[in-house]
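Below is one structure, written out as structure tokens; the observations come after it.
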Amino acid sequence: MNNFAAQWPLQSFLELGALPGAVPCARLHVRQRLWEWRLTSLSDSIELLVSELVTNAMQVSREAMQDDPIRLWLLADKARVVILVWDACPLPPERIDPGDDAENGRGLLLVEAVSARWGWHFPQDMGGKVVWAQTLLE
């Protein structure tokens, strides 16, 4: 992760417990960083992406009854913002097609719709997986 992150002039990291309070904490952290970096025009979309990615990480961690934290990186330059969320679950994210009446299951569909690109990988140095989303500055 360090080699990738070194390419970005603006960086932020937050480690969270796999608890329901992780999502609002992550949103607040990201909102503050975007304000400091003068990127508030992206706040709504970045906060939505962070909410979905952290929610997914929290849910898989809780389902697996893992005590490992969730890790959030926010990286930016003059053209892009990248969100990376790590969890200890060794399974790839599963994009499902929820029914019209479903209350859950649209997270990755939202990530796909709001981001310019998204994906995931298994970092060799940390275990688990990283799910990421990228937005472009307008």
Side-chain angles (χ1 to χ4, degrees):
M1 187 65 64
N2 291 338
N3 291 339
F4 177 75
Q7 302 170 27
W8 298 84
L10 301 171
Q11 302 179 21
S12 179
F13 171 76
L14 181 64
E15 192 167 272
L16 301 153
L19 303 167
V23 176
C25 287
R27 285 179 70 110
L28 181 61
H29 176 80
V30 167
R31 184 180 311 133
Q32 182 65 32
R33 289 300 163 265
L34 292 174
W35 179 81
E36 289 173 359
W37 296 344
R38 302 186 193 284
L39 298 174
T40 55
S41 64
L42 296 173
S43 288
D44 290 341
S45 60
I46 298 294
E47 285 183 52
L48 175 62
L49 291 168
V50 165
S51 292
E52 296 303 330
L53 296 178
V54 170
T55 296
N56 290 349
M58 180 197 63
Q59 288 175 338
V60 299
S61 294
R62 290 176 65 98
E63 288 169 7
M65 294 201 263
Q66 294 173 331
D67 291 334
D68 294 305
I70 296 166
R71 296 180 179 130
L72 167 68
W73 289 267
L74 186 67
L75 309 171
D77 62 16
K78 293 182 180 184
R80 306 161 290 181
V81 175
V82 176
I83 303 152
L84 302 106
V85 176
W86 176 89
D87 64 64
C89 180
L91 301 173
E94 185 178 340
R95 193 171 140 227
I96 60 172
D97 188 15
D100 292 337
D101 296 335
E103 293 183 21
N104 297 315
R106 293 181 179 83
L108 290 177
L109 294 172
L110 282 171
V111 169
E112 186 175 282
V114 174
S115 64
R117 299 178 342 151
W118 78 278
W120 56 272
H121 67 276
F122 297 119
Q124 295 178 354
D125 59 340
M126 304 170 58
K129 72 174 169 301
V130 172
V131 182
W132 58 271
Q134 177 182 342
T135 63
L136 303 175
L137 299 177
E138 298 166 359

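Only this structure's heavy atoms are used, side chains among them; waters, hydrogens and symmetry mates stay out.
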I'd like to know if the side chain of [X] and the backbone of [Y] have a donor-acceptor N/O pair within less than 3.5 Å.
| X | Y | answer |
| --- | --- | --- |
| S61 | M58 | no |
| S43 | T40 | yes |
| R71 | L14 | no |
| W86 | G127 | yes |

With side chains defined as the heavy atoms from C-beta onward, is the minimum distance between [X] and [Y] less than 4.5 Å?
| X | Y | answer |
| --- | --- | --- |
| D87 | K129 | yes |
| W73 | Q11 | no |
| S12 | Q32 | no |
| L75 | R80 | no |
| L91 | V60 | no |
| L16 | C25 | yes |

S115 and A133 have their tightest heavy-atom pair at CB-CB, 4.0 Å
Counting only heavy atoms not in D44, do more than 12 sit closer than 6.0 Å to its CG atom?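 Atom CG in D44 is not crowded, with 12 or fewer foreign heavy atoms closer than 6.0 Å.
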With side-chain contact (heavy atoms from CB on, under 4.5 Å) as the test, pick out the partner of T55 among V50, V23, I70.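 Testing each of V50, V23, I70 against T55, the sole residue satisfying side-chain contact (heavy atoms from CB on, under 4.5 Å) is V23.
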I need the single residue from V30, L74, V111 that forms a side-chain contact (heavy atoms from CB on, under 4.5 Å) with I83. Which is it? L74
Find the distance between [atom1] ([X]) and [atom2] ([Y]) and round it off to the nearest 0.5 Å.
| X | Y | atom1 | atom2 | answer |
| --- | --- | --- | --- | --- |
| L109 | E52 | CG | CD | 9.5 Å |
| F13 | L84 | CZ | CG | 11.0 Å |
| D77 | Q7 | CG | CD | 10.0 Å |
| E47 | L42 | CD | CG | 11.0 Å |
| R117 | W132 | CZ | CH2 | 4.0 Å |
| Q134 | L49 | CD | CG | 11.0 Å |

Is there a continuous path of hydrophobic side-chain contacts, each under 4.5 Å between heavy atoms, that joins L137 to L48? yes
Cluster check V131, F122: I/L/V/M/F/W/Y, side chain < 4.5 angstrom: yes
With no hydrogens and no angle check, just 3.5 Å: does a side-chain donor-acceptor pair link R27 and S51? yes
